2 protein chains.
Amino acid sequence: MIPEDHPRYRSLMARERIADGVRSGMVVIEGASAHGRGEAFDYLLGEKSSASAKRAEKTAAAFLLAGFRTVISVNGNTAALAAAEIRDLAEASGAAVEINLFHRTDVRMETITAHLKANGVTVLEGTAERLLPLSHDRALCLRDGIYAADVVLVPLEDGDRCEALVAMGKTVITIDLNPLSRTAQTATLTIVDELTRALPNITRACREQNPETGEQLIADHDNHRLLYAALQTMQETLTDAMD
Amino acid sequence: MIPEDHPRYRSLMARERIADGVRSGMVVIEGASAHGRGEAFDYLLGEKSSASAKRAEKTAAAFLLAGFRTVISVNGNTAALAAAEIRDLAEASGAAVEINLFHRTDVRMETITAHLKANGVTVLEGTAERLLPLSHDRALCLRDGIYAADVVLVPLEDGDRCEALVAMGKTVITIDLNPLSRTAQTATLTIVDELTRALPNITRACREQNPETGEQLIADHDNHRLLYAALQTMQETLTDAMD
């Protein structure tokens, strides 16, 4: 057991949830490595939401509230780390939830669906079709879900898939701790923050934001500026360490 | 299959070897996460051995050649990633190889021993005793191995164990991609480089180095300078990305 007052309690708990996710079949081993990469970048962010991340989270809320058809795409890591946070965000934003796996198998789809439902998430179901401009099963999604959406939130997404969604003309919001990743560089809006900090911040903004504020945030949105700010925060951590 | 001319071939192959290691029981899930953290830092190093890392590797060779009783401590990740490189270094440096696991079970000890032997590594065997100033099984090591050594190479080591070895008065060399980790900050000599690049560089230096060069490298060794240089390299990557 990790004591709650451990300075890195949240990070260690998340690591444990990912390990449990591997054991239960929700998370693939590659997902555990990917989580580790995220941890390293989060360490460089000081394991807290920066001012620019908080702005990105408010802007994400604005995009979700302004969208006509909004979908939150959930993969194994997201389900293992943040099922309850996904439920709250879906409720506050009105977005639908679709499970979308890079390493897709029927048994993983079922395990993750069951886990999300057990946490009170309403999950879009149906027959996935190859509708994304990608090869093989990576193209699979629901016609009434991600395919039809104008705004999609894809936390912890693969670069190819993010690019494909952008190429389809969608507003793509991602949550990615690596500001240099292809996903981070390609998305319409990149939240460089840890998933379980980011999601509640978006949820809160969905509940509190008035439409004028949202319109202004969207009008002023500049993803390059957000990525730059994240890199700057990481640089400051390294500089502090060099003293 | 990852094509050999893929720009990130080595990194993707290493990731695959870790996933295979989890499946075969050599690597724990926590090891896969730890590998991911390393990948992130290696990305910031440009996935190559910096000038300061190369100097660190030559200095490691000098310490290993000058030691009276030298041991390479091998854990699950190291065995999965670099069994052949460990064999070559043991041969070139004259160091013994001892398996030392953070998550120790008999079956993991056996699996890793078999894997190392299959790769031509001579592995120290015997009954481990609680000889390190640590609680529980973390204290286990061989009396004629790590306990008796004056110089130990502990790649990818845990912070507590690294501190314990330093406290016992040993020269502790580590290979750690995170220059801010407790292991990196505590070791006598920290090589901030990726394992499968670092080991062959140390091996080459063991074969080529003359004693005068080695003495000079040891006399001039300044670990703080090496860590500072690694942080600087990472900062430069971030700065380049901000252009």
Side-chain angles (χ1 to χ4, degrees), chain A residues 7-8 11-12 14-24 27-46 77 80-81 103 156 159 176-182 184-185 192 224-225 227-243, chain B residues 8 11-12 14-24 27-47 77 80-81 103 156 159 176-182 184-185 192 224-225 227-243:
Chain A
R8 305 199 53 246
S11 171
L12 296 173
R15 198 183 294 175
E16 217 168 78
R17 253 181 265 133
I18 288 291
D20 288 343
V22 174
R23 283 183 279 265
S24 73
V27 174
V28 290
I29 300 169
E30 290 77 1
S33 288
H35 182 74
R37 291 196 292 284
E39 274 187 42
F41 286 108
D42 198 23
Y43 186 84
L44 294 179
L45 288 175
N77 280 32
L81 288 169
H103 301 274
L156 321 178
D176 192 323
L177 280 158
N178 177 3
L180 301 171
S181 77
R182 205 148 47 84
Q185 299 280 333
V192 184
H224 185 263
R225 201 171 52 196
L227 293 171
Y228 191 92
L231 291 168
Q232 223 164 10
T233 304
M234 292 181 183
Q235 255 197 345
E236 284 161 18
T237 304
L238 293 173
T239 305
D240 289 350
M242 286 160 84
D243 283 344
Chain B
R8 307 199 50 245
S11 172
L12 296 173
R15 199 183 293 177
E16 216 166 78
R17 253 181 266 135
I18 288 291
D20 287 344
V22 174
R23 283 183 280 266
S24 72
V27 174
V28 289
I29 299 169
E30 290 77 3
S33 287
H35 182 75
R37 290 196 291 283
E39 275 187 42
F41 287 108
D42 198 23
Y43 186 84
L44 295 179
L45 288 176
E47 293 181 345
N77 279 33
L81 288 169
H103 301 275
L156 321 178
D176 193 322
L177 280 158
N178 178 3
L180 301 172
S181 76
R182 204 147 47 88
Q185 299 279 334
V192 184
H224 185 260
R225 203 170 51 195
L227 292 171
Y228 192 92
L231 290 168
Q232 223 164 12
T233 305
M234 292 182 184
Q235 255 198 342
E236 284 161 16
T237 304
L238 292 174
T239 304
D240 289 350
M242 286 161 84
D243 283 345

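What you see is a predicted model; the values in this text were computed from it and never measured. In what follows, chains are A, B, ... by sequence order, proteins preceding strands, each numbered from 1.
Comparing Ile18(B), Leu180(B), Leu227(B), Leu44(B) by how many heavy-atom pairs each has under 4.5 Å with chain A, the most go to Leu180(B). Annotation: maximal heavy-atom pairing with chain A below 4.5 Å, among Thr237(B), Val22(B), Asn178(B), Leu231(B), occurs at Leu231(B). The most heavy-atom pairs under 4.5 Å with chain A, out of His224(B), Gln232(B), Glu30(B), His35(B), come from Gln232(B).
By the side chain to side chain donor-acceptor pair (under 3.5 Å) test, Ser181(B) is found to be paired with Asp176(B), residues two or more places apart in sequence or in another chain being considered. Scored by the side chain to side chain donor-acceptor pair (under 3.5 Å) test, Gln235(B) finds Thr239(A) as partners (sequence neighbours excluded).
At a 4.5 Å heavy-atom cutoff, Ala34(A) makes no contact with chain B through either its backbone or its side chain. Neither the backbone nor the side chain of Leu177(A) comes within contact range of chain B; no heavy atom of the residue lies under 4.5 Å from a heavy atom of that chain.
Across Gly36(B) and Arg37(A), no two heavy atoms sit closer than the pair O-CG, 3.0 Å.
Put simply, the side chain of Val27(A) does not reach to within 4.5 Å of the side chain of Ile29(B), judged on heavy atoms.
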